Amino acid sequence: AAAGCEKVPPRAITPRPQLSAQQQLRRLMGSLAFAGRLADSPYADMLEGSLWEAVAARFKEDAHALLGLPPTSPLASCVEAG
């Protein structure tokens, strides 16, 4: 291939750069304009299952930290230890 003519991966599989908290909030607010039809909007990537799994895990971690609970149950720790 000629110099500078490398094949560019499609946008759908190119990782999105990390956004600041303010940029994330703006993006979330913009998605509200597409309520009910988010899947057909520029914000469709917000519906990815892996994102929701990450949110659920983070919510659990934060809830445990606020309540002063360990991240895993004592029974789970014993089972993991063997």
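Just so it is clear, the structure is predicted and the values come from calculations on it, not from any experiment.
Side-chain atoms of Arg27 and Asp45, non-hydrogen and from C-beta on, do get closer than 4.5 Å to each other. Using a 4.5 Å heavy-atom threshold, the side chains of Glu61 and Arg58 count as touching.
Counting Ile, Leu, Val, Met, Phe, Trp and Tyr side chains that sit under 4.5 Å apart, directly or through other members, Leu25 shares a hydrophobic cluster with Met29.
Sorted by first then second residue, the side-chain hydrogen bond (donor to acceptor under 3.5 Å, both in side chains) pairs that include residues 73-82, not counting sequence neighbours, are Thr72-Ser77.
Side-chain atoms of His64 come within 3.5 Å of backbone atoms of Pro70 as a donor-acceptor pair (strictly under, hydrogens ignored).
A chain of hydrophobic side-chain contacts below 4.5 Å, direct or via other Ile, Leu, Val, Met, Phe, Trp or Tyr residues, connects Tyr43 to Leu47.
Closest non-hydrogen pair, Ala44 versus Ala39, comes out as CB-O, 3.4 Å.
By the side-chain hydrogen bond (donor to acceptor under 3.5 Å, both in side chains) test, Ser50 is found to be paired with no residue, residues two or more places apart in sequence or in another chain being considered.
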